[in-house]
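Report on the following structure.
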Amino acid sequence: MIGGIANSYDNYSSPYAASGLSSVSNEPDNGQSIVRNPGESTRKQAGRESSPAECKTCKERKYQDGSDEDVSFKAAAHIDPDAAASRVRSHEQEHVSNAYKEAAQNNGEVVSCNVSIHTSICPECGRTYVSGGTTATQIKYYNEENPYQQEMKSSDAANKYLGMNVDMAC
């Protein structure tokens with residue numbers, strides 16, 4: 001009860017109580033909260049377990065790449081939440097560079113490349129964070145030994161491109 005007004009949070013029981021797990025208190029014995037993320041807000045949002053400064057989930061969040069390419073983050077690693085956006089963008093750029101390298105080595109051309117950066121909201125403190133990224137590339141490969149490709153090339157030269165450039169100075 002706060003100032004004579006009943007509060008619905010007065011009878012709140014921990015979600016861990018029903019499951020048999022014990023919740024770990026963020027409060028040390030002297031009544032102060034533990035700051036796990038220095039420089040973050042200590043203001044706790046309504047309905048959240050902790051403030052961004054005290055959030056254990058944000059402190060322990062790790063990033064890992066799931067592709068079969070040779071890029072960074074093959075082993076799970078923690079990234080500071082403030083640096084996550086630039087680190088994820090840089091990691092996705094590695095995938096783009098690999099696509100261009102593969103296309104150049106195998107007589108191909110990168111037709112399209114799309115990088116998406118994903119965000120989520122931390123369930124413990126409510127902070128919006130960069131949760132990962134996705135890179136989609138499309139490479140067109142040329143096969144000059146293929147008879148169909150050779151026929152299409154000669155057909156294009158005879159029909160499609162003939163007279164395309166006209167020199168009016170003659």
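When a residue number appears, it is its place in the shown sequence, counting from 1.
- Of all heavy-atom pairs between D65 and S72, the closest is CB-O, 3.7 Å.
- With E124 contributing its side chain and T57 its backbone, the two residues share a donor-acceptor pair below 3.5 Å.
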side-chain contact (heavy atoms from CB on, under 4.5 Å) between I117 and R89: does it pass, once the steps are laid out? CA-CA 7 Å; I117 305 297; R89 276 192 305 256; 3.8 Å; yes
K74 and S67: side-chain contact (heavy atoms from CB on, under 4.5 Å), yes or no, with the steps? CA-CA 8 Å; K74 287 317 239 178; S67 70; 3.8 Å; yes
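- Because its NZ or CZ atom is both nearer than 6.0 Å to the ring centre of Y129 and within 45° of the ring axis, R61 counts as a cation-pi partner of that residue.
- Judged purely by atom type and a 3.5 angstrom limit, Q138 has no side-chain atom pairing as donor or acceptor with the backbone of S112.
- To the nearest 0.5 Å, atoms SG (C113) and CD (Q93) are separated by 7.5 Å.
- Between the side chain of N107 and the backbone N or O of Y142 there is at least one donor-acceptor pair closer than 3.5 Å.
- The backbone N or O of A103 lies less than 3.5 Å from no partner atom in the side chain of E109, so there is not a single donor-acceptor pair.
- Partner T135 forms a side chain to side chain contact (heavy atoms under 4.5 Å, CB included) with one of N98, V96, V71 and no other, that one being V96.
- By the 6.0 Å contact criterion, CG on N106 is enclosed, its count of non-hydrogen atoms from other residues, nucleotides or ligands being greater than 12.
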Could you please spell out the steps behind the side-chain contact (heavy atoms from CB on, under 4.5 Å) verdict for F73 and R87? CA-CA 10 Å; F73 294 106; R87 296 283 303 271; 3.4 Å; yes
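- Checked by atom type, the side-chain pair H118/S131 shows no donor-acceptor distance below 3.5 Å.
- Of the N and O atoms on the side chains of H95 and E69, at least one donor lies less than 3.5 Å from an acceptor on the other residue.
- In summary, the side chains of E102 and Y141 do present a donor paired with an acceptor at a separation below 3.5 Å, with no hydrogens or angles considered.
- Between H78 atom NE2 and C58 atom SG the span is 9.0 Å, to the nearest 0.5 Å.
- Using a 4.5 Å heavy-atom cutoff, the side chains of Y100 and I139 are not in contact.
- Between the CZ atom of R127 and the CD1 atom of I121 there is a distance of 12.5 Å, given to the nearest 0.5 Å.
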